[in-house]
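Beneath this line is the structure, given in structure tokens, with notes to follow.
One-based numbering along the sequence shown.
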Amino acid sequence: MNKETTQYKSIAQKKIAFLTSLCLFLSAVEFAIPKPMPFLRLGIANLPVIIALHLLSVPQFFLLVLLKVFVQNLISGTLFSYTILFSIAGSFSSALMMLLVYKAFYKHGWISHVGISLSGSLANSLSQIAVSYLFIFNENTKYIAPFLLISSFVTGIILGLVAEYSVKKSKWFSVIRSAE
């Protein structure tokens, strides 16, 4: 490997480490916020994932999502429980949807971070509803689905607005982006 390739990998590794740390910090903040129902989450730990669309290659982006899922579940003590199925399904379906929307629409100026966040939030909820139906609650999933979808719509909009502001106005984002 030449010096340029090594330096690129080092910068990419630092970005992934920073974004993973930010995911975990925001996850801890979210854990401290009271929830009206145990399964309703704000999803603020996904803010670095949305921002990573601008900073990482596709493999690096999915590595970030994998690290986020693994470490969040390790720290929360759910790594070896059935709830990791929700985390894996929700995180990866959300990441895939946001990546597709980003590549297809954002890069052309046809959609904002709100649209990216909403698409990811709804993909997350729909995949978690599917996991819930298939593995745990069966027909009773219909009782939690409306709450999950409504909350994901609201939080998706809010998170998208925060991502939009972060990408356009934050100094730390511009510093990280310029490190390429």
Does [Y] offer a backbone N or O that forms a donor-acceptor pair with the side chain of [X] under 3.5 Å?
X: S127; Y: A89; answer: yes
X: S119; Y: I116; answer: yes
X: S151; Y: L148; answer: yes
X: T141; Y: N138; answer: yes
X: T20; Y: I16; answer: yes
X: S174; Y: K171; answer: yes
X: S152; Y: L149; answer: yes
X: S117; Y: H113; answer: no

Trace of the side-chain contact (heavy atoms from CB on, under 4.5 Å) decision for Y106 with V101 = CA-CA 7 Å; Y106 182 84; V101 169; 5.9 Å; no

task = Enter the distance from L42:CG to E30:CD here, rounded to the nearest 0.5 Å.
result = 5.0 Å

What I'd like to find out is whether the side chain of [X] reaches to under 4.5 Å of the side chain of [Y], using heavy atoms alone.
X: K68; Y: N46; answer: yes
X: F61; Y: L55; answer: no
X: S93; Y: L126; answer: no
X: S121; Y: L159; answer: no
X: F31; Y: I75; answer: no
X: L56; Y: F62; answer: no
X: T78; Y: I84; answer: no

inquiry  = Out of the candidates N73, L79, V131, only one should pair with S87 under the side-chain contact (heavy atoms from CB on, under 4.5 Å) rule; please name it.
reply    = N73

query = Taking all atoms of both residues into account, what is the closest heavy-atom pair of S112 and E164, and its distance?
reply = CB-OE1, 3.5 Å

request  = Compare every heavy atom of L19 with every heavy atom of P48, then report the nearest pair and how far apart it is.
outcome  = CB-O, 3.7 Å

task = Indicate the ring-plane relationship of F173 and H54, choosing parallel, tilted or perpendicular according to the 30° and 60° boundaries.
result = perpendicular

task = Verify side-chain contact (heavy atoms from CB on, under 4.5 Å) between L66 and F92, making sure each step is shown before the conclusion.
result = CA-CA 8 Å; L66 178 67; F92 281 96; 4.0 Å; yes

